[in-house]
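Okay, so here's the structure we're looking at.
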Amino acid sequence: EHPGGSPMNVAYGLGRLGVATTFRSVIGRDARGDRIRRHLAEAGVALDPASVADAATSTALAAIRPDGQAEYTFDIAWNPGAIAAPPGVALAHTGSIATVLSPGAADVRRLFGAIADTALLSFDPNVRPAVAGDREAAIDAVAAIAARAHIVKMSDEDAAWLHPDLALEDVLDRYLGAGAGLVAVTRGADGCLVASPRARLALPSIPVDVVDTIGAGDAFMSGLLSGVLDRDLIGAVRERRLEAEPLRAVADQALASARVTVSRAGANPPTRTELRAALAAR
């Protein structure tokens, strides 16, 4: 068993990269909850005390196929109640089950509405059809969060499930048109597409021996967000004026982060030192 879950993996990845990060979720006062608390602490991530509840910690069973891809079975409840952002928060990220599973999805939308004018908002749909429920309702939920987000990242598999009639270039256009200042679509071994209103790039990945893909998209996300923060690009993304050179730099950092993660088991993103080495190799 490994502590995991998409937004937590992103928080853990940011913490490992030295970004001051607070995580808000719902975990139980049980052995699995204790493991999550220790896991976050190892990366220097603060757990919001409101996350601890009198309920069993949710689980996901991952079955790994011969190609390293994972298939999931979930036992999850999501009822966080009101979510308050820490004072002075510069960036808030959410995604996956948290944005489609009721009743908590509505709490996440309210949080994004409350801080939209003061924080950079990031979103990864990370679609899980097994818990998404009604497909059209899930698509509407994704659209509601994406309409507020300044950064939208998804995999090509997410894009195919959400928008089966659109080419990936059109998916980029759709989310830029909804107001995002940075959109990324990951393509596994084929790298990624990244776009802002001022630039668009297709970047290759560097070949690597894949152990498994668990947490790869989340490591891409934490690498991308840390790249934005490292280069003081919050204003450029919010104001939709990100140029090609910084766009390439943050995407390279995201790809390097994912490359480290797929080279070892579980959602195990890089430290700052490991990320620098991976960037040097790229």
Side-chain angles (χ1 to χ4, degrees), residues 7 10-11 13-14 17-21 85 88-95 112 115-126 142-143 145-156 158-159 162-163 166-187 190-206 217-259 269-270 272 275-276 278-279 282:
V10 175
L14 287 168
L17 295 174
V19 178
T21 305
V89 67
L91 183 151
H93 172 77
T94 190
F112 262 39
I115 62 175
D117 294 334
T118 58
L120 188 71
L121 304 181
S122 168
F123 174 46
D124 176 5
N126 199 5
V142 167
I145 292 287
R148 293 193 180 276
H150 305 103
I151 297 174
V152 177
K153 171 263 172 190
M154 66 181 65
S155 69
D156 49 3
D158 295 333
L162 291 164
H163 310 293
L166 295 182
L168 293 182
E169 292 284 350
D170 297 325
V171 171
L172 296 176
D173 290 336
R174 184 184 186 100
Y175 288 96
L176 290 172
L182 195 170
V183 182
V185 177
T186 58
R187 301 189 296 164
D190 294 325
C192 68
L193 302 175
V194 289
S196 73
R198 296 190 178 185
R200 184 169 302 204
L201 302 168
L203 300 178
S205 62
I206 295 177
D218 303 325
F220 181 98
M221 189 83 250
S222 57
L224 187 78
L225 295 179
S226 67
V228 169
L229 295 171
D230 292 346
R231 294 164 180 80
D232 196 21
L233 296 172
I234 287 179
V237 176
R238 282 184 61 92
E239 296 162 18
R240 295 166 50 82
R241 53 179 176 81
L242 191 64
E243 301 287 354
E245 184 177 350
L247 178 65
R248 179 183 295 274
V250 298
D252 277 342
Q253 187 155 317
L255 286 168
S257 179
R259 182 174 186 267
R272 180 66 69 171
L275 182 58
R276 288 195 188 103
L279 280 167
R282 181 169 178 81

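Count residues from 1 along the sequence. Heavy-atom basis, side chains included; hydrogens, waters and symmetry copies ignored.
Two residues are said to be in side-chain contact when any heavy atoms from C-beta on lie closer than 4.5 Å; Leu120 and Leu225 fail this criterion. Proximity of Cys192 to Leu255: side-chain heavy atoms (C-beta onward) are separated by under 4.5 Å at one or more points. Side-chain contact between Met221 and Ser122: present, with at least one pair of heavy atoms (C-beta onward) separated by less than 4.5 Å.
For Ser226, the side-chain hydrogen bond (donor to acceptor under 3.5 Å, both in side chains) partners two or more places apart in sequence, or in a different chain, are Gln253. Looking at residues two or more places apart in sequence or on another chain, you find no side-chain hydrogen bond (donor to acceptor under 3.5 Å, both in side chains) involving Thr186. Evaluation of the side-chain contact (heavy atoms from CB on, under 4.5 Å) rule for Ala244 yields Ala199 as partners, not counting sequence neighbours. Remark: Arg231 engages no residue in a salt bridge (Lys or Arg N to Asp or Glu O under 4.0 Å) (not counting sequence neighbours). Looking at residues two or more places apart in sequence or on another chain, you find a salt bridge (Lys or Arg N to Asp or Glu O under 4.0 Å) between Asp230 and Arg272. A search for side-chain contact (heavy atoms from CB on, under 4.5 Å) contacts involving Pro125 returns Phe123, Val127, Val142, Met154, Leu162, not counting sequence neighbours. With sequence neighbours left out, the salt bridge (Lys or Arg N to Asp or Glu O under 4.0 Å) criterion links Asp158 to no other residue. Residues satisfying the side-chain hydrogen bond (donor to acceptor under 3.5 Å, both in side chains) test with Asp124, not counting sequence neighbours, are Lys153.
The shortest heavy-atom contact between Val89 and Ala119 is O-CB, 3.8 Å. Shown here for Ala256 and Leu275, the closest heavy-atom pair between the two residues is CB-CD1, 3.9 Å. Nearest heavy atoms, Ala116 versus Leu121: CA-CD1, 3.7 Å. The two residues Ala219 and Pro269 make their nearest non-hydrogen contact at CB-CB, 4.3 Å.
Taken from CG in Leu242 to CD1 in Ile234, the straight-line distance is 12.5 Å, to the nearest 0.5 Å. With rounding to the nearest 0.5 angstrom, the CG atom of Leu229 is 7.0 Å from the CG atom of Leu14. Atoms CG and CZ, from Asp117 and Arg148 in turn, are 9.0 Å apart once rounded to the nearest 0.5 Å. The CD atom of Glu243 lies 11.0 Å from the CG atom of Leu233; values are rounded to the nearest 0.5 Å. Distance CG/Leu203 to CG/Leu247: 7.5 Å, rounded to 0.5 Å.
Applying the salt bridge (Lys or Arg N to Asp or Glu O under 4.0 Å) test to residues at least two apart or on different chains, the pairs with a partner in residues 232-241 are Glu239-Arg241.
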Run the side-chain donor-acceptor check on residues 171-185: report pairs under 3.5 Å with partners two or more places apart or on a different chain.
residue, atom, partner, partner atom, Å
Asp173, OD1, Arg200, NH1, 3.2
Asp173, OD1, Arg200, NH2, 2.5
Tyr175, OH, His163, NE2, 2.7

